[in-house]
2 protein chains.
Amino acid sequence: VKVLNARVEALLTTKNPDSFITSRVPKIELKYEGIPGDRHFGYTKLSNNRERMYPRGTEIRNRRQVSILSLEECDEMARRLGVESIHPEWLGANIVVSGFPNFSQLPSGSRLLFPSGASLYCEGENFPCIHPGQIIQSNYEEIPKLPQRFVKEAYWLRGIVCSVEKEGSIIPDSTIDIWVNLEWQDRRWVERGEDVEVR
Amino acid sequence: VKVLNARVEALLTTKNPDSFITSRVPKIELKYEGIPGDRHFGYTKLSNNRERMYPRGTEIRNRRQVSILSLEECDEMARRLGVESIHPEWLGANIVVSGFPNFSQLPSGSRLLFPSGASLYCEGENFPCIHPGQIIQSNYEEIPKLPQRFVKEAYWLRGIVCSVEKEGSIIPDSTIDIWVNLEWQDRRWVERGEDVEVR
């Protein structure tokens, strides 16, 4: 078992249900459906192009309840795009963490445990789409093609999505225990190169 | 994307809620909580030694709603234990599949799509525990130490557990499309041997 740590830097939720932009809050009370009042709250959601195995708009279990960004990866995104900074609010983050290198590469099936006992289950990378890039563009109008460049440059930097495995509260300036899922290490799949192809 | 196939050989649910032994049924109607009437039905469950990150008995999201075995791996278990056959009923299987090599190694995050549109989400390997070994022992009293040997020999053969991602019906003799999660292939974690240790 590999248990690593990260720090909670900020908490955010959507204020306006028509927008994915989030605003800072002092505390989040996680429920099994997600964050009450947040745009992504719900046991189920409608599928989109991130779940290509379903016809678009199919009702499926909601694995995108909570979005987490890393402070260091936000800075790296800003550097690559040549902008002064990227606010986690623009990307719809619910939690900003620090102190965990390559956070966006956290494997699916990893757990994030908070001091209250609350726990999030990593459902994988949050693949970049064009909408946050459009918000970034609106804040840096002088820099060309930010939406398109965001989609390309934000891979591996845009954080992860999680579902709630155990209810409870989260507050800033606390430490997260991250139980990394290492199942791929002992999968024979890894050795069977002829059987697999990268998506 | 890698999409492979398997075949539904049998469907089973628990009849007696005090036992994990399952019995054959002609159809299963998957709900977001699992299989109605089955022992493992529920949005949440109490944690046990399979979820060591929580104190035993903690209420958490239920990722073990549905248990799936492969026919070929059942045969291989019987061969290794030196018994004539192992019935999927004894292991509490809900679905028996065939035609998918190394089924127990299907990575977490893979999807199993059924012709009705119903879908299961792979939550990882079903780690062997001693109870099915005791049932096997009771059926082969002349063979020594089957419970202990089962725990050891059934690794990689005991199938997977799933949660329901999309509701719908399942019937035998149908084909499953399996969308294999290959995220580990492009994780830099794989290259960072110094950062990881096998659980």
TODO: Please determine, by modelled atom types, if Tyr32(B) and Thr44(A) share a side-chain donor-acceptor pair under 3.5 angstrom.
DONE: no

Task: Structural part of Leu113(A) lying under 4.5 Å from a heavy atom of chain B - done: side chain

Open item on the list: Looking at Lys15(B), I want to see if its NZ is surrounded by more than 12 non-hydrogen atoms of other residues, nucleotides or ligands under 6.0 Å.
Closed with: yes

TODO: Mark yes when over 12 heavy atoms from residues, nucleotides or ligands other than His87(B) sit less than 6.0 Å from its NE2; otherwise mark no.
DONE: yes

Open item on the list: Check this for me: does any side-chain nitrogen of one of Arg111(A) and Glu51(B) sit under 4.0 Å from a carboxylate oxygen of the other?
Closed with: no

Open item on the list: To the nearest 0.5 Å, what is the distance between CD1 on Ile60(B) and CD on Glu165(A)?
Closed with: 4.5 Å

Task: Where Arg52(A) and Trp179(B) come nearest, the two heavy atoms and their spacing - done: O-CH2, 4.0 Å

Open item on the list: Please say yes or no: joined through hydrophobic side-chain contacts below 4.5 Å, possibly via intermediate residues, are Leu11(A) and Leu120(A) part of one cluster?
Closed with: yes

- [ ] For each of Gly117(A), Ser119(A), Gly109(A), Pro55(A), tally heavy-atom pairs with chain B at distances under 4.5 Å, and name the one with the top tally.
- [x] Ser119(A)

TODO: Under 4.5 Å, counting heavy-atom pairs only, tell me which of Met53(B), Glu167(B), Glu123(B) racks up the most with chain A.
DONE: Met53(B)

Open item on the list: Is there a path of hydrophobic side-chain contacts, each under 4.5 Å between heavy atoms of I/L/V/M/F/W/Y residues, joining Val97(A) to Ile35(A)?
Closed with: yes

Task: Backbone N/O of Lys166(A) and side chain of Arg61(B): donor-acceptor pair under 3.5 Å - done: no

Task: Heavy-atom proximity to chain B below 4.5 Å, by part of Thr58(A) - done: side chain

Open item on the list: Would you say Ile21(B) ends up clustered with Val96(B) if hydrophobic residues are merged whenever their side chains have heavy atoms under 4.5 Å apart, either directly or through other cluster members?
Closed with: no

Task: Joint hydrophobic cluster, Tyr54(A) plus Tyr121(B), side-chain heavy atoms closer than 4.5 Å - done: no

TODO: Indicate if Ile160(B) and Ile86(B) have the same hydrophobic cluster label, given that clusters are the connected sets of ILVMFWY residues with side-chain heavy-atom separations under 4.5 angstrom.
DONE: no

- [ ] Would you mind checking which part of Tyr43(A) comes under 4.5 Å of any heavy atom in chain B, side chain (CB onward), backbone (N, CA, C, O), both or neither?
- [x] both

